Amino acid sequence: MVVWSAGLLLYRLTPVPQVFLAHMGGPFWAKKDAGAWSIPKGEFDPDGEGALDAARREFREELGVEPPEVAWAELGTFAYSSGKKVVVFAGDGAGFSASAFAFGTFEMEWPPRSGRSQSFPEVDRAEWMDLDAARDALVKGQRPAIDALEKALAGLST
């Protein structure tokens with residue numbers, strides 16, 4: 001069974017092309033940077049919810065702010081080595097203010113095998129970064145989305 005996820009990849013063109021990414025929260029990611037960032041996204045059931053609706057919902061749940069009202073273009077569907085598929089939508093976020101977040105939380109047993117449950121933020125910070133930095137920062141399965149965005153942006157300027 002395929003697990004589906006959908007996310008919103010905001011970009012802005014000045015001063016150089018940049019994307020808006022979120023650093024994954026929780027104890028596993030706390031001291032990691034490279035490969036520990038994500039496009040704001042989350043799982044959905046394609047039989048019950050459209051990918052863009054899910055991406056907008058997940059953006060709101062993870063960051064605690066409404067996604068900007070911009071034109072969203074489907075950038076593509078990207079498969080992880082695990083088989084998970086992520087549908088990514090790109091939108092011009094030049095006017096998006098990266099502040100005043102109220103990050104969503106999740107519960108997990110921590111420390112492992114302790115029998116205690118703790119709450120952690122789904123995301124612990126979010127910021128703009130240029131495309132090269134984004135490729136290094138993103139989890140491996142999402143890096144092709146940066147290449148697809150770069151190609152799409154190059155097509156706009158020709």
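It should be emphasised that the depicted structure is a prediction, and the values quoted were computed from it without experimental measurement. Positions are given from 1, in the same order as the sequence printed here.
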Can you tell if the side chain of [X] reaches within under 4.5 Å of the side chain of [Y], non-hydrogen atoms only?
| X | Y | result |
| --- | --- | --- |
| Trp4 | Lys85 | yes |
| Asp147 | Leu131 | no |
| Gln18 | Arg12 | yes |
| Val87 | Leu52 | no |
| Phe103 | Leu63 | yes |
| Trp37 | Val123 | no |
| Asp92 | Tyr11 | yes |

What's the spacing between [X] [atom1] and [Y] [atom2] if we round to 0.5 Å?
| X | Y | atom1 | atom2 | result |
| --- | --- | --- | --- | --- |
| Ser38 | His23 | OG | NE2 | 10.5 Å |
| Ile146 | Leu9 | CD1 | CG | 5.0 Å |
| Leu8 | Glu58 | CG | CD | 10.0 Å |

**Report entry** With sequence neighbours excluded, residues passing side-chain hydrogen bond (donor to acceptor under 3.5 Å, both in side chains) with Glu62
**Finding:** none

Write down the atom of [X], the atom of [Y], and the distance for their closest heavy-atom approach.
| X | Y | value |
| --- | --- | --- |
| Val86 | Tyr80 | CG2-CE1, 3.5 Å |
| Gly35 | Val139 | O-CG1, 3.2 Å |
| Ala51 | Ala6 | O-CB, 3.3 Å |
| Ala137 | Met129 | CB-SD, 3.6 Å |
| Phe106 | Pro121 | CE2-O, 3.4 Å |
| Ala148 | Phe78 | CB-CZ, 3.9 Å |

Look only at the side chain of [X] and the backbone of [Y], and say whether a donor-acceptor pair between them is shorter than 3.5 Å.
| X | Y | result |
| --- | --- | --- |
| Glu109 | Ser114 | yes |
| Ser5 | Gly42 | yes |
| Gln142 | Ile39 | yes |

Requested in this report: Begin with the C-alpha distance, continue with both residues' side-chain angles, and end with the deciding distance and a verdict on side-chain contact (heavy atoms from CB on, under 4.5 Å) for Leu10 and Trp72.
Outcome: CA-CA 9 Å; Leu10 289 173; Trp72 296 103; 3.3 Å; yes

**Report entry** Salt bridge Asp132-Arg135, side-chain N to carboxylate O under 4.0 Å
**Finding:** yes

Is [Y] reachable from [X] through a run of I, L, V, M, F, W or Y residues, each pair having side-chain heavy atoms under 4.5 Å apart?
| X | Y | result |
| --- | --- | --- |
| Leu153 | Val70 | no |
| Leu138 | Trp128 | no |
| Leu21 | Leu13 | yes |
| Phe59 | Leu75 | no |
| Trp110 | Met24 | no |

Query raised in the report: Are Glu69 and Arg56 close enough, and set up right, to give a salt bridge (Lys or Arg N to Asp or Glu O under 4.0 Å), and what steps lead you there?
Result: CA-CA 10 Å; Glu69 291 295 330; Arg56 291 177 53 79; 2.9 Å; yes

Requested in this report: Can you label the angle between the Phe20 ring and the Phe96 ring as parallel, tilted or perpendicular, going by 30° and 60°?
Outcome: perpendicular

Requested in this report: Could I get the full list of side chain to side chain contact (heavy atoms under 4.5 Å, CB included) partners for Lys32, not counting sequence neighbours?
Outcome: Phe28, Trp29, Ala36

Query raised in the report: So does Lys151 have more than 12 non-hydrogen atoms from other groups sitting under 6.0 Å from NZ?
Result: no

